[in-house]
Amino acid sequence: MKNTQRFICTEKERFLSELLDLLCIPSVSADPKYKDDINKCASMLSKHLISIGLDNVEICPTKGHPLVYGEKIVNNSWPTVLVYGHYDVQPADPLDLWHSPPFDPEIKQTEIHPDGAVFARGACDDKGQMFMHVKAVEAMLATNELTCNVKFMIEGEEEIGSENLAEFVKNNKDKLKADIILVSDTGMLANDVPSITTGLRGLSYVEVEVAGPNRDLHSGLYGGCVANPINVLAKLIASLHDDKGKITIPGFYDKVVELSDEERNEMAKAPFSHEKYCQALDLKDVMGEAGYSTPERGSIRPTLDVNGIWGGYTGEGAKTVIASKAFAKISMRLVPDQDPEEITQLFKQHFEAIAPNSVSVVVKPHHGGEAAVTPIDSIGYKAASVAYEKAFGKKPIPVRSGGSIPIVAMFEKELGLKTILMGFGLDSDAIHSPNEHYGLYNYYKGIETIPYFYEAFAKLHCE
Ligand code: BES
Ligand code: MN
Ligand code: MN
């Protein structure tokens, strides 16, 4: 891999400027207003895949946003790596909290990123991380050091639930035949503490509506006499946790896989500082389920969080009114073996059951997905471990993440393939938030690490 690494070194500047171009396109999947930009981004990406020498590059249309495919099949006896990533990004708002425009990437130093970081929506999630794979494969192809066949599948709907990708995967099982799936869309513990993500949480997402009187009412004339939907909603939501931080929905924990003491002890070895954690978030203390540490609460335990709540008057000044309706969006992060559909049903039954007669409630399910875990004794994991050790000079720690990539469980079900999650982002990179950024160190380290994975995977695959 000497020539590959040399190539990466000499092409560094161009690799960065190409990423910046990609980040200028506001490929927001959630908002139809960005449809043209989504297509522009898919087209730019397909040109990159062609220019690095991939074959059969296509922009595959779906019922929603297109995905970009390309492959290099060199030798039928080689193992095949299927790279998955996404070119769509989260909406950038609230815009006024960005220090530089979200689609006009700027490089700035931070305390954690002394070599600089690119600030832009999608810098880390997932354009920066996805593009590392394009550049790593470019380097291996240019130097004739590629040791595996490779297929790229980059979608445009990850941030809205990957619904059309699921259909594409079901209809293209032959095309997507591979030995392993490789994804960089997660994080690592710190720049000097490399880690490999071995688990993702699942997701159940619902929207609730609490309806009271048939119109907004004068809060003096009717206050005290009718149910106020906002008051009721607040009370219902508050009752979803008990004072030990446990979720009160009957049956919610029934299928949760509990970790053994040995596994929990192993987890506790990963470095974690309560003080630094609080300091980074300007908090006096943390909060969560009794009996579990902060890293456990954020990875191996299921959660329930309100993601948005609205109703009534929120404009300037005061308006004395009882709103007719109140709403909330609620996400539940799930762990193995919780079934998202079952959890959604349990939520719905419970929420309807606890609502007082004075209001009516509607629970509307949104997208969901299952949790996923990767074993650490597979050749895929071992190859990733070897790769990190070469690039960082340290053995990576296996860490379960709290985030969700629902398509990973689907890949396993439909394609029978495990996914290796080689993420290079940091929790502090502000993904989905204003001022999202991605360290230049992380970008280049990723490009450097990926070829070592191909080398080790091909070797382990033969043994
Ligand atoms: N890349 C993230 C997921 C992620 C980030 C996992 C960091 C682990 C560490 C992905 O783009 C994402 O945001 N997923 C959504 C779910 C999706 C269905 C909208 C999430 O986790 O909220
Ligand atoms: Mn992502
Ligand atoms: Mn995301």
Side-chain angles (χ1 to χ4, degrees), residues 22-23 27-31 41 64-65 67 83-92 102 120-133 153-166 181-190 195-207 295 298-300 302-308 329-335 340-341 343-344 365-374 398-411 419-434 436-438 442 446:
L22 211 55
L23 290 170
S27 48
V28 178
S29 49
D31 189 342
C41 198
H65 304 317
L67 62 95
V83 177
Y84 163 81
H86 62 95
Y87 68 82
D88 66 318
V89 301
Q90 285 277 328
R121 170 58 84 232
C124 174
D125 185 12
D126 177 42
K127 285 175 178 168
Q129 296 212 64
M130 168 273 287
F131 203 59
M132 298 180 316
H133 288 268
M153 177 170 67
I154 314 296
E155 73 155 318
E157 298 192 305
E158 197 278 339
E159 300 292 6
I160 50 172
S162 304
E163 260 166 56
N164 295 299
L165 181 69
I181 297 175
L182 189 58
V183 177
S184 294
D185 192 23
T186 56
M188 57 180 190
L189 288 175
S195 60
I196 297 175
T197 306
T198 53
L200 293 162
R201 284 197 281 198
L203 185 66
S204 157
Y205 201 109
V206 296
E207 194 171 317
S299 63
I300 60 162
T303 60
L304 183 151
D305 277 292
V306 177
N307 296 127
K329 290 181 193 280
I330 297 174
S331 68
M332 289 163 276
R333 295 283 169 175
L334 311 178
V335 300
E341 270 161 39
I343 293 294
T344 303
H366 280 267
H367 56 70
E370 280 172 43
V373 278
T374 18
V399 173
R400 275 172 63 170
S401 168
S404 308
I405 310 177
I407 205 72
V408 169
M410 219 274 300
F411 286 150
T419 296
I420 302 300
L421 297 158
M422 286 178 51
F424 295 90
L426 300 180
D427 283 356
S428 54
D429 286 344
I431 63 171
H432 294 206
S433 297
E436 173 177 354
H437 55 280
Y438 191 39
N442 305 67

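Remember, it's 1-based here, ligands and their atoms both numbered in the order they're listed.
The minimum heavy-atom distance between Pro365 and Thr344, with the atom names listed, is CB-CG2, 3.6 Å. Nearest heavy atom pair, residue Arg400 against residue Ser299, reads O-CB, 3.2 Å. When all heavy atoms of Glu157 and Gly64 are compared, the pair lying nearest together is OE2-CA, 3.2 Å. When all heavy atoms of Arg201 and Gly298 are compared, the pair lying nearest together is NH2-O, 3.3 Å.
Of the polar atoms of Glu159, at least one N or O is found under 3.5 Å from an N or O of ligand 1, judged by distance alone.
If you check each of Arg400, His366, Glu158, His432 against atom 11 (O) of ligand 1, the one with the closest non-hydrogen atom is Glu158.
For Thr186, heavy-atom contacts with ligand 1 shorter than 4.0 Å involve the backbone as well as the side chain. Here Ile431 has side-chain heavy atoms under 4.0 Å from ligand 1, and that is the only part of it that gets that close.
Judged by distance alone, the side chain of Asn307 and the main-chain N or O of Ile330 form no donor-acceptor pair under 3.5 Å. At distances below 3.5 Å, at least one donor-acceptor pair connects side-chain atoms of Glu436 with backbone N or O atoms of Asp125. Checking side-chain atoms of Asp429 against main-chain N and O of Tyr438 turns up no donor-acceptor pair under 3.5 Å. Panel note: side chain Ser27, backbone Tyr87; a donor-acceptor pair is recorded below 3.5 Å.
Under the 3.5 Å distance criterion, with hydrogens and angles disregarded, no donor-acceptor pair is assigned to the side chains of His367 and Glu163.
Remark: distances from the non-hydrogen atoms of Asp125 to ligand 1 include one below 4.0 Å. Within the structure, ligand 1 has Pro406 among the residues with a heavy atom less than 4.0 angstrom away.
Looking at Glu159 and the Mn ion (ligand 3) together, the shortest N, O or S contact belongs to OE2. Per residue Asp125, closest N, O or S atom to the Mn ion (ligand 3): atom name OD2.
Residue Leu421 forms a side chain to side chain contact (heavy atoms under 4.5 Å, CB included) with just one option from Ile405, Ile181, Asp185, Ile196, and that option is Ile405.
Atom 8 (C) of ligand 1 has as its closest protein heavy atom Ser401 OG, 3.0 Å. Counting only heavy atoms of the protein, atom 6 (C) of ligand 1 lies nearest to Gly403 CA, 3.7 Å. Among protein heavy atoms, atom 4 (C) of ligand 1 sits closest to Asp185 O, 3.6 Å. With respect to atom 14 (N) of ligand 1, the closest heavy atom belonging to the protein is Ser404 O, 2.8 Å.
Heavy-atom proximity to Arg333, at under 4.0 Å, picks out these atoms of ligand 1: 20 (C), 21 (O), 22 (O). Each of the atoms 11 (O) of ligand 1 lies under 4.0 Å from some heavy atom of His86. Less than 4.0 angstrom separates some heavy atom of His367 from each of these atoms of ligand 1: 18 (C).
Among the backbone and side-chain atoms of Asp126, no N/O/S atom is found under 2.8 Å from the Mn ion (ligand 2).
With the Mn ion (ligand 2) at the apex, Asp185 OD2 and His86 NE2 define an angle of roughly 90° (rounded to 10 degrees).
Under the 6.0 Å cut-off for aromatic ring centres, Tyr84 and Phe411 qualify, their centroids lying closer than that.
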